[in-house]
**Student:** 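This structure is in structure tokens; I'll ask about it shortly.
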Protein chains: 2
Amino acid sequence: MTATDTAADRRALPHPAREEIRLEPVLHALSDPMRLRIVTDLAEAEGELSCSHFDLPVAKSTSTHHFRVLRESGVIRQVYRGTAKMNGLRRDDLDALFPGLLDALLDAAARQAVRLGD
Amino acid sequence: MTATDTAADRRALPHPAREEIRLEPVLHALSDPMRLRIVTDLAEAEGELSCSHFDLPVAKSTSTHHFRVLRESGVIRQVYRGTAKMNGLRRDDLDALFPGLLDALLDAAARQAVRLGD
DNA sequence: CGACTCGTACGATAACCATCGTAGTACGGT
DNA sequence: ACCGTACTACGATGGTTATCGTACGAGTCG
């Protein structure tokens with residue numbers, strides 16, 4: 001370890017590189033209501049949110065699972081900051097790979113929420 | 001049955017109405033490589049294609065299963081025409097519900113195919 | 001009618017997945 | 001050193017799914 005290493009670096013989480021992101025896993029990740037909600041919240045926040053910010057109606061261990069699916073598919077980026085784990089949308093990578101897709105998906109999710117009266 | 005009934009009418013298949021189509025099942029349907037391929041082929045054809053037109057590397061019964069998932073999620077419309085079953089993208093319905101989504105998805109699939117050298 | 005093509009239905013199977021509870025680790029503050 | 005918070009790892013479980021093979025039904029053409 002070098003002098004620039006931080007505690008957070010040593011706990012780094014595996015992410016797919018931009019060019020490793022594939023469409024099918026991304027769609028699969030977003031096809032779960034819980035995960036789609038995480039992503040829409042994240043898009044609305046326009047920044048990083050801690051896992052505990054989300055009040056999901058599932059057990060904590062299930063929540064961990066959903067965040068991992070999103071990370072491993074390349075939809076979000078996760079970093080440790082102290083005890084918190086921060087989550088951010090990989091907007092730049094997704095927009096570069098699939099232009100317009102993320103916006104269309106977020107718009108679709110928002111329209112559906114309106115349609116269903118939420 | 002009335003005088004306007006045809007043989008095809010009597011073998012009608014259940015489809016979700018436009019307003020019953022939900023985003024999550026659509027994304028789930030498209031998250032399978034086999035089904036995504038069916039949809040991109042269908043979009044390229046700009047019309048209806050019979051099931052047998054697709055030369056999928058799976059058993060016939062598996063193929064039937066994938067077409068049903070696409071139909072029940074609202075992505076495609078299926079009608080019988082004689083012995084053949086024709087498949088068409090529900091472009092109008094999807095565009096009305098989720099503007100830009102289908103195009104973004106098809107573009108994403110095409111870009112990924114190029115990226116992977118297919 | 002008989003043969004053929006196209007697609008379905010059904011049962012089986014193996015893999016996957018969402019969920020949980022429990023036990024544990026890492027960090028920050030007292 | 002100790003406690004509390006935040007999150008994870010693991011094992012279990014029940015539900016869903018992708019796949020197959022075989023047997024069948026519906027339509028077309030000879």
Side-chain angles (χ1 to χ4, degrees), chain A residues 1 5-15 22 24-39 42 48-73 75-88, chain B residues 1 5-15 22 24-39 42 48-73 75-88:
Chain A
M1 104 182 176
D5 270 3
T6 67
D9 287 340
R10 266 168 264 130
R11 285 172 74 198
L13 294 156
H15 289 77
R22 307 246 302 127
E24 294 91 334
V26 168
L27 296 181
H28 173 247
L30 298 176
S31 72
D32 181 281
M34 212 72 67
R35 294 193 289 257
L36 186 57
R37 173 171 154 187
I38 290 173
V39 169
L42 229 35
E48 293 186 332
L49 294 177
S50 70
C51 288
S52 56
H53 169 272
F54 299 88
D55 193 24
L56 302 175
V58 290
K60 274 195 305 180
S61 49
T62 305
S63 195
T64 296
H65 160 71
H66 286 309
F67 279 106
R68 178 168 37 193
V69 172
L70 286 170
R71 169 170 49 84
E72 292 181 345
S73 67
V75 177
I76 67 172
R77 193 179 295 280
Q78 295 190 294
V79 295
Y80 283 104
R81 285 226 219 294
T83 72
K85 193 185 203 172
M86 305 303 291
N87 302 276
Chain B
M1 99 182 177
D5 272 1
T6 67
D9 288 339
R10 267 168 264 132
R11 285 174 74 198
L13 294 157
H15 290 76
R22 307 245 305 129
E24 293 91 335
V26 168
L27 296 182
H28 174 246
L30 297 176
S31 70
D32 182 280
M34 213 72 68
R35 295 193 290 257
L36 187 57
R37 173 170 156 186
I38 291 173
V39 169
L42 229 35
E48 293 185 333
L49 293 176
S50 70
C51 288
S52 55
H53 169 272
F54 300 88
D55 192 25
L56 302 176
V58 290
K60 272 194 308 179
S61 48
T62 304
S63 195
T64 297
H65 160 69
H66 286 308
F67 279 106
R68 177 167 36 193
V69 172
L70 286 170
R71 169 170 49 82
E72 292 181 345
S73 66
V75 177
I76 67 172
R77 194 178 297 280
Q78 294 191 294
V79 294
Y80 284 104
R81 286 226 219 294
T83 74
K85 192 185 201 174
M86 305 303 290
N87 303 276

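Convention: sequence-line order gives letters A, B, ...; per-chain numbering from 1.
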**Student:** Please identify each residue that fulfils salt bridge (charged side-chain N to carboxylate O under 4.0 Å, His left out) with B:Arg77, with sequence neighbours left out.
**Tutor:**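 Partners of B:Arg77 by the salt bridge (charged side-chain N to carboxylate O under 4.0 Å, His left out) criterion, ordered by chain and then number, come out as B:Asp93.
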**Student:** Can you tell which of D:dT19, C:dG7, C:dA18 lies closest to the side chain of B:Ala84?
**Tutor:**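 Of D:dT19, C:dG7, C:dA18, C:dG7 is nearest to the side chain of B:Ala84.
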**Student:** Please list, by residue number, the residues of residues 28-39 of chain B whose heavy atoms come closer than 4.0 Å to an atom of DNA chain C; answer none if no residue qualifies.
**Tutor:**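 Output list: empty, so none.
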**Student:** Measure NE2/A:His65 against C1'/D:dC10 and give the value in whole Å, please.
**Tutor:**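 One finds 14 Å between C1' of D:dC10 and NE2 of A:His65, rounded.
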**Student:** Roughly how many Å is it from CG in B:Leu70 to P in D:dT17, rounded to a whole number?
**Tutor:**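 These atoms are roughly 13 Å apart.
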**Student:** From CG of B:Leu56 over to P of D:dC20, roughly how many Å is that when rounded to an integer?
**Tutor:**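 Atom-to-atom, B:Leu56 to D:dC20, this comes out as 11 Å.
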**Student:** Could you pull out all residues at least two apart from A:Ser52 that satisfy side-chain hydrogen bond (donor to acceptor under 3.5 Å, both in side chains)?
**Tutor:**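 Only A:Ser50 meet the side-chain hydrogen bond (donor to acceptor under 3.5 Å, both in side chains) criterion with A:Ser52.
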**Student:** Would you check, one step at a time, whether the test side-chain contact (heavy atoms from CB on, under 4.5 Å) holds for B:Leu56 with B:Thr62?
**Tutor:** CA-CA 9 Å; B:Leu56 302 176; B:Thr62 304; over 6 Å; no
**Student:** Which atom pairs, one a donor and one an acceptor, fall under 3.5 Å between side chains of residues 25-37 of chain B and the rest of the protein, sequence neighbours left out?
**Tutor:**
unit_1	atom_1	unit_2	atom_2	d
B:Ser31	OG	B:His28	O	2.8
B:Asp32	OD1	B:Met34	N	2.8
B:Asp32	OD1	B:Arg35	N	3.3
B:Arg35	NE	B:Ala29	O	2.7
B:Arg35	NH1	B:His66	ND1	3.1
B:Arg35	NH2	B:His28	O	3.4
B:Arg37	NH2	B:Asp55	O	3.3

**Student:** Evaluate the side-chain contact (heavy atoms from CB on, under 4.5 Å) criterion for residues B:Gln78 and B:His15: first the C-alpha distance (whole Å), next the side-chain angles of each, then the deciding distance (0.1 Å), finally the verdict.
**Tutor:** CA-CA 8 Å; B:Gln78 294 191 294; B:His15 290 76; 4.2 Å; yes
**Student:** Rounded to the nearest 0.5 Å, how far does CD of A:Glu48 lie from NE2 of A:His53?
**Tutor:**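 So the NE2 of A:His53 and the CD of A:Glu48 are separated by 13.0 Å.
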**Student:** Which residues pass the salt bridge (charged side-chain N to carboxylate O under 4.0 Å, His left out) test with A:Glu72, not counting sequence neighbours?
**Tutor:**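 Result, salt bridge (charged side-chain N to carboxylate O under 4.0 Å, His left out) vs A:Glu72: none returned.
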**Student:** Rounding to a whole Å, what distance do you find between A:Met86:CE and C:dC27:P?
**Tutor:**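 Result: 16 Å.
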**Student:** Output a table of nitrogen or oxygen pairs between the protein and nucleotides 21-25 of chain C separated by less than 3.5 Å.
**Tutor:**
unit_1	atom_1	unit_2	atom_2	d
C:dG21	N7	A:Ser61	OG	3.3
C:dG21	O6	A:Ser61	OG	2.9

**Student:** Examine C:dC6: is either OP1 or OP2 under 4.0 Å from a nitrogen or oxygen in the side chain of B:Ser50? Give yes or no.
**Tutor:**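 Answer is no, no contact under 4.0 Å.
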**Student:** Can you tell me the distance, in whole Å, between the CZ atom of B:Phe67 and the P atom of D:dT19?
**Tutor:**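 Result: 13 Å.
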**Student:** Distance check needed: D:dC7 P versus A:Arg71 CZ, whole Å only.
**Tutor:**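 After rounding, the reported distance stands at 13 Å.
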**Student:** Output, in order, the C-alpha distance, side-chain angles, deciding distance and verdict of side-chain contact (heavy atoms from CB on, under 4.5 Å) for A:Cys51 and A:Phe67.
**Tutor:** CA-CA 8 Å; A:Cys51 288; A:Phe67 279 106; 3.9 Å; yes
**Student:** Could you point out which residue of A:Ile76, A:Val79, A:Leu49 forms a side-chain contact (heavy atoms from CB on, under 4.5 Å) with A:Met86?
**Tutor:**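 One option only clears the test, and that one is A:Val79.
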**Student:** Using OP1 and OP2 only, check whether a side-chain N or O of A:His66 sits under 4.0 Å from C:dT19.
**Tutor:**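 True: A:His66 side-chain N/O within range (under 4.0 Å) of C:dT19 OP1/OP2.
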**Student:** Taking N or O atoms only and anything under 3.5 Å, show me the protein contacts with nucleotides 28-30 of chain C, one pair per line.
**Tutor:**
none

**Student:** Measure the distance from CD on B:Glu72 to P on D:dA18 and round it to the nearest whole Å.
**Tutor:**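 Interatomic distance, CD of B:Glu72 to P of D:dA18: 12 Å.
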**Student:** Before giving the answer on side-chain contact (heavy atoms from CB on, under 4.5 Å), spell out for A:His65 and A:Val58 the whole-Å C-alpha distance, their side-chain angles and the decisive distance to 0.1 Å.
**Tutor:** CA-CA 11 Å; A:His65 160 71; A:Val58 290; over 6 Å; no
**Student:** Of all residues at least two apart in sequence or in a different chain, which pass the salt bridge (charged side-chain N to carboxylate O under 4.0 Å, His left out) check with B:Arg71?
**Tutor:**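 Applying salt bridge (charged side-chain N to carboxylate O under 4.0 Å, His left out) to B:Arg71 gives none.
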